[in-house]
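Report on the following structure.
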Amino acid sequence: MQECVYHTAVMLVSIHIPSAQSLKDKRMVLRSIKDRVRNRFNVSAAELDGQDKWQVATLGFSIVSADSKFIDSSFQKLLALIESYPDLYVCEHAIEML
């Protein structure tokens, strides 16, 4: 029997949404990001922090794959997609391989 090797990784992205004037505004932006990312990259996505703040959020994304290079490449493309949104700023991000 062949041994199955897999990698699990998590990326946290802290964002600032200066145009959000309410939680509803923020949730519209976050929903758009999460939907696009889930569809394009087949990752899990969730808002992890800042749920009660209008203009800040921390999003978490996770991937499980047999190829660690695939994970790194996917997260770099995912981050570029988020940074391309004109109405938000990425404050910081971190990737952790588990």
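Computed from a predicted model, the values in this text were never measured in an experiment.
- Put simply, the residue from V10, V43, I95 that forms a side chain to side chain contact (heavy atoms under 4.5 Å, CB included) with F61 is V43.
- Separating the CZ atom in R27 from the CG atom in L30 is a distance of 9.0 Å, to the nearest 0.5 Å.
- Here OG of S68 is found 14.5 Å from OH of Y6. Values are rounded to the nearest 0.5 Å.
- A 4.5 Å side-chain heavy-atom check between D87 and V29 finds at least one atom pair inside the cut-off.
- Salt-bridge annotation for E47 and R31: absent, with no side-chain N of the basic residue lying under 4.0 Å from a carboxylate O of the acidic one.
- Between L78 atom CG and S73 atom OG the span is 10.5 Å, to the nearest 0.5 Å.
- A distance-only check finds a donor-acceptor pair linking the side chain of S74 to the backbone of F70 [under 3.5 Å].
- Put simply, CD1 on I71 and CE on M11 are 12.0 Å apart, with the number rounded to the nearest 0.5 Å.
- In this structure, CD in Q51 is found 10.0 Å from CG in L23, a value given to the nearest 0.5 Å.
- From T8, atom OG1 reaches atom CD of E96 across 11.0 Å, with rounding to the nearest 0.5 Å.
- Among all heavy-atom pairs drawn from S14 and T58, the shortest one is OG-OG1, 3.5 Å.
- Closest approach of H7 to A66, counting heavy atoms only: CD2-O, 3.5 Å.
- The main-chain N or O of A46 is never found under 3.5 Å from a side-chain atom of K34 such that the two would form a donor-acceptor pair.
- Judged purely by atom type and a 3.5 angstrom limit, R38 has no side-chain atom pairing as donor or acceptor with the backbone of S44.
- Remark: the backbone N or O of K53 is paired with a side-chain donor or acceptor of K26 at under 3.5 angstrom.
- If you run side chain to side chain contact (heavy atoms under 4.5 Å, CB included) between H93 and each of L59, I15, V13, I82, only V13 comes through.
- C91 and H16 get closest at one heavy-atom pair: SG-CB, 3.8 Å.
- Two different hydrophobic clusters hold L12 and F75 under the rule that ILVMFWY side chains link at heavy-atom gaps under 4.5 Å.
- Across every non-hydrogen atom of K77 and F41, the tightest pair is CB-CE2, 3.6 Å.
- Nearest approach of P18 to L88, heavy atoms of both residues: CD-CA, 4.4 Å.
- Heavy-atom minimum distance, Y85 versus R36: OH-CD, 3.1 Å.
- Cluster annotation: M28 and Y89 are assigned to distinct hydrophobic clusters (Ile/Leu/Val/Met/Phe/Trp/Tyr, side-chain heavy-atom contacts under 4.5 Å, transitive).
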